[in-house]
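The chains referred to below are lettered A, B, ... by the order of the sequence lines, with proteins before strands, and numbering in each begins at 1.
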There are 4 protein chains.
Amino acid sequence: MPRAVRERQMMDAAVQTFGQRGYRAASMDEIAELAGVSKPLVYLYLNSKEELFTACIRREASALVEAVRAGVEPGVPADHQLWNGLRAFFTHAAENPDGWAVLHHQARTHGEPFATEVAAMRTEIIGFVTYLIGAAAREAACDAELAEREVAGLAHALVGAAESLAGWGNGTPGVSSKETAATLMNFAWAGLENLMNGQRWAPSPGNAG
Amino acid sequence: MPRAVRERQMMDAAVQTFGQRGYRAASMDEIAELAGVSKPLVYLYLNSKEELFTACIRREASALVEAVRAGVEPGVPADHQLWNGLRAFFTHAAENPDGWAVLHHQARTHGEPFATEVAAMRTEIIGFVTYLIGAAAREAACDAELAEREVAGLAHALVGAAESLAGWGNGTPGVSSKETAATLMNFAWAGLENLMNGQRWAPSPGNAG
Amino acid sequence: MPRAVRERQMMDAAVQTFGQRGYRAASMDEIAELAGVSKPLVYLYLNSKEELFTACIRREASALVEAVRAGVEPGVPADHQLWNGLRAFFTHAAENPDGWAVLHHQARTHGEPFATEVAAMRTEIIGFVTYLIGAAAREAACDAELAEREVAGLAHALVGAAESLAGWGNGTPGVSSKETAATLMNFAWAGLENLMNGQRWAPSPGNAG
Amino acid sequence: MPRAVRERQMMDAAVQTFGQRGYRAASMDEIAELAGVSKPLVYLYLNSKEELFTACIRREASALVEAVRAGVEPGVPADHQLWNGLRAFFTHAAENPDGWAVLHHQARTHGEPFATEVAAMRTEIIGFVTYLIGAAAREAACDAELAEREVAGLAHALVGAAESLAGWGNGTPGVSSKETAATLMNFAWAGLENLMNGQRWAPSPGNAG
DNA sequence: CATGAATGAGGCTTCATTCAT
DNA sequence: TATGAATGAAGCCTCATTCAT
């Protein structure tokens with residue numbers, strides 16, 4: 001069997017095992033057995049547990065980013081770009097639960113060098129969202145100035161909400177990724193529009209803690 | 001030395017170690033040494049690594065819920081309750097980074113029985129947020145009916161955004177928990193208000209993917 | 001059982017195993033079994049195979065140097081010091097064949113950091129022999145000047161001869177260490193005396209290769 | 001490429017690897033790569049690691065013996081034969097450090113069946129030296145009878161001294177093999193001559209240990 | 001002739017856990 | 001109450017060796 005095929009089998013098995021068990025709890029024995037090969041072959045092709053995990057992170061991160069990129073239609077208004085991107089994201093996460101678990105849970109809980117890998121991808125996505133918010137502000141010719149840090153905070157909030165909803169959607173039967181995306185758009189976009197119009201929430205005097 | 005004190009030392013050491021290393025990578029040796037006691041004593045008091053981790057999760061979950069509960073002022077309008085709760089949450093997370101890491105990262109990545117423990121707490125918090133959204137809707141005497149599932153989705157989104165912002169606030173120097181909470185309120189509350197007024201975002205015809 | 005005793009048992013087993021099998025071929029399993037303890041205990045006390053081997057080298061080197069030092073009577077003429085030292089050396093090597101094998105064979109064939117350890121001991125012994133040769137020359141009030149490098153070469157030759165004879169004596173039944181030492185003294189001392197008197201061997205003209 | 005050439009490449013690579021790493025630490029992978037062939041070919045030609053190492057020992061032993069034999073001029077006086085043989089030996093060892101390491105260090109530290117192989121060669125060389133000592137005694141028409149065992153001991157001492165000096169010469173820059181050989185002749189031959197004349201070293205009464 | 005693909009066996013090391021005092 | 005001493009089980013990794021082409 002050619003090397004490339006075997007390598008894919010191993011990576012698939014590794015993503016599944018790492019996603020379900022975690023980096024430390026996953027054993028190379030289990031991965032090899034699930035891949036239907038002997039352990040030495042895993043080492044021959046992928047060198048070490050650490051490199052194998054890193055390769056999984058990279059592959060899944062690339063696949064996720066690529067799925068979102070493929071879903072987004074450039075040139076359309078910012079809200080539609082976000083809508084398309086979210087639907088692609090939720091769909092991909094739902095179809096690749098183990099890969100999503102590797103990225104969202106496992107890679108971020110085992111320190112260096114894994115956290116760095118996935119942080120790079122997250123930074124890329126947050127950058128994209130930040131850009132969309134800015135584009136929306138320009139499109140709306142809004143009066144308000146949004147401070148850079150405020151936009152960064154918004155982007156983090158939106159991405160975090162999406163990540164959380166991905167888990168909710170995956171775990172709750174009968175919720176389509178389209179519906180999840182709509183929920184998030186309703187939640188987020190109206191808030192963003194208000195912000196662009198300079199409307200902010202503020203604690204009424206006397207009630208602040 | 002009285003048992004309660006010793007036990008607290010051990011739990012403190014365990015939370016710190018589990019939070020920084022993860023459940024599997026943390027060793028009982030390290031925890032015992034950090035606590036300044038011998039390993040058999042840890043077993044005498046806390047029985048096993050699994051029970052110790054579970055105890056950590058419970059303690060930190062209780063502390064977090066308690067902190068939020070203590071921050072919220074009952075009787076005030078829903079948006080103020082949310083505002084107070086968020087501030088309490090961000091403050092607590094910032095002051096207990098290891099405990100927060102145990103709850104947010106470590107407990108959720110190591111399957112049963114730990115995920116169940118922390119899921120219970122999360123469900124409780126989401127329930128509280130769900131209640132607040134409903135209360136706000138009633139207060140606003142809003143016309144729109146929010147479907148139960150939609151409210152659940154909103155609550156998940158809001159909690160996820162808060163969790164993500166907690167990580168952002170902890171990791172970005174110079175951002176106070178008050179500022180983080182304000183960012184989230186601006187982002188979320190306006191969106192919620194619009195929803196209560198029946199305004200929804202919808203893809204314009206022809207642009208939908 | 002107290003730690004010191006256990007540690008000695010392990011070191012004894014390790015010296016025996018390393019001496020007979022070599023560093024790589026000796027397994028920690030075998031050493032632990034020979035010492036009558038479980039493998040984790042070996043690691044608890046001696047950390048790693050490499051440290052264990054290094055500890056063996058150091059212990060055996062110290063024992064050998066100490067044996068020679070104890071055998072030599074300071075203050076007597078140089079030839080008697082050498083004679084006493086050789087007898088002590090051959091006796092010690094014969095009584096500790098595994099330790100001698102560790103030093104002479106195993107430590108020198110497995111690169112850094114082991115070769116350095118044993119080289120230090122060998123340098124010490126060669127320095128002692130070098131000193132004895134110089135002392136003998138002064139005692140003899142000899143006319144000849146011995147170049148420093150020539151003395152170093154002689155010391156290396158003498159030590160090498162002794163090492164070789166240790167193997168011969170150990171392997172040939174019926175040869176006492178006293179007899180071995182006498183053989184070497186006869187061989188070496190006369191040559192040294194001649195050298196001190198300026199007599200050298202030289203190829204006759206015409207026969208040189 | 002003809003088999004003989006390939007085989008030589010493999011043996012060269014094996015000698016180099018075994019000489020530098022030792023028998024156990026050398027891997028067949030490394031040898032094959034160094035030889036520029038695939039691993040199965042090594043097995044096809046040389047059957048197993050053990051046979052490969054044995055073949056290396058035999059080849060290097062033959063080469064060494066052959067080099068000494070070629071250097072010795074039969075028919076000349078014994079001391080000149082020894083002088084020529086030593087020079088050939090030191091030169092060969094200096095020019096083939098890996099081969100010399102295989103014979104002197106590696107083959108002797110890994111038990112059967114390797115030790116036997118190299119012991120045979122050493123016995124042959126010691127036999128030659130023994131013969132030379134006897135011949136010298138006859139040439140000198142010496143009065144003294146040298147016991148057979150004493151001669152054996154002398155031969156072992158001389159060979160050991162030569163082996164030690166080979167290491168010294170290889171490791172000390174600026175020392176030619178001719179100089180090394182001269183050092184050893186000076187050291188050894190005078191001692192031998194004295195012995196043949198019945199002069200022995202003996203501990204003075206009262207100083208013996 | 002030559003090799004890419006594959007593995008059984010075994011070695012080093014760590015860890016959660018227990019016992020005797 | 002508290003601990004020094006000890007281990008069974010398991011994990012990561014490597015290596016000599018073979019087979020199908």
Which part of the nucleic acid, if any, lies within contact of C/A32, taking any heavy atom under 4.0 Å across all strands shown: a base, the sugar-phosphate backbone alone, or nothing?
nothing
Give the dot-bracket line for DNA chain E from 5' end to 3' end: parentheses for intra-strand Watson-Crick or G-U pairs under 3.5 Å, square brackets for crossings, | for inter-strand pairing, dots for unpaired.
.||||||||||||||||||||
Can you check whether A/Y45 reaches A/L52 side chain to side chain, under 4.5 Å on heavy atoms?
no
Distance below 4.0 Å between A/Y45 side-chain N/O and E/dA6 OP1 or OP2
yes
Heavy-atom distance under 4.5 Å between the side chains of A/L46 and A/M11, does that happen here?
yes
Rounded interatomic separation in angstrom, taking CG from D/L46 and P from F/dA16
14 Å
Contact class for A/R3 vs. all strands (heavy atom < 4.0 Å): base, sugar-phosphate, or nothing?
sugar-phosphate
Beyond-backbone contact of A/H105 with A/T109, side-chain heavy atoms, under 4.5 angstrom
no
Taking CD from B/Q9 and C1' from F/dA2, how many angstroms apart are they, rounded to a whole number?
14 Å
Describe, in one word, how the ring planes of C/F53 and C/Y23 are oriented to each other, choosing from parallel (under 30°), tilted (30 to 60°) and perpendicular (over 60°).
parallel
Do the non-hydrogen side-chain atoms of B/I57 and B/F18 ever get within less than 4.5 Å of each other?
no
Expressed as a whole number of angstroms, how long is the span from D/E33:CD to F/dA16:P?
14 Å
For a quick test of reading the model: is some side-chain N or O of A/R6 closer than 4.0 Å to OP1 or OP2 of E/dA5?
no
Taking the side chain as every heavy atom from C-beta outward, state whether A/R21 and A/S27 have any atom pair closer than 4.5 Å.
no
In whole angstrom, what separates B/R21's CZ from E/dC15's P?
10 Å
B/F53 CZ to E/dA16 P, straight-line distance once rounded to whole Å:
13 Å
In whole angstroms, the gap separating P of F/dG4 from CG of B/L41 amounts to 11 Å
Whole-Å distance between F/dT3 P and C/M1 CE?
24 Å
Look at the side chain of D/S38 and decide which nucleotide, out of E/dT7, E/dG11, E/dA2, has an atom nearest to it.
E/dA2
Main-chain N/O of A/A13 paired to A/T17 side chain as donor or acceptor, under 3.5 Å
yes
Between atom CG in A/L44 and atom C1' in E/dT7, what is the gap in whole Å?
11 Å
Closest non-hydrogen atom pair between C/R24 and D/A25, with its separation
NH1-CB, 3.5 Å
Please examine the side chains of C/M10 and C/I31, heavy atoms only from C-beta on, and report whether any two atoms are closer than 4.5 Å.
no
So what does A/A25 touch, heavy atoms closer than 4.0 Å: a base, only the sugar-phosphate, or nothing?
nothing
Can a salt bridge be assigned to the pair B/R122 and B/E163 using a cut-off of 4.0 Å between side-chain N and carboxylate O?
yes
Strictly under 3.5 Å: I want the nitrogen or oxygen pairs between protein and nucleotides 17-19 of chain E, one per line.
residue : atom : partner : partner atom : Å
E/dT17  : OP2  : B/Y43   : OH           : 3.1
E/dT17  : OP2  : B/K49   : N            : 2.9
E/dT17  : O4   : B/K39   : NZ           : 2.6

Both B/R24 and D/Y23 contact DNA chain F. Taking the nearest nucleotide for each, which residue is further toward the 5' end?
B/R24
5' precedence on DNA chain E between D/G36 and B/A26 (nearest-nucleotide basis)
D/G36
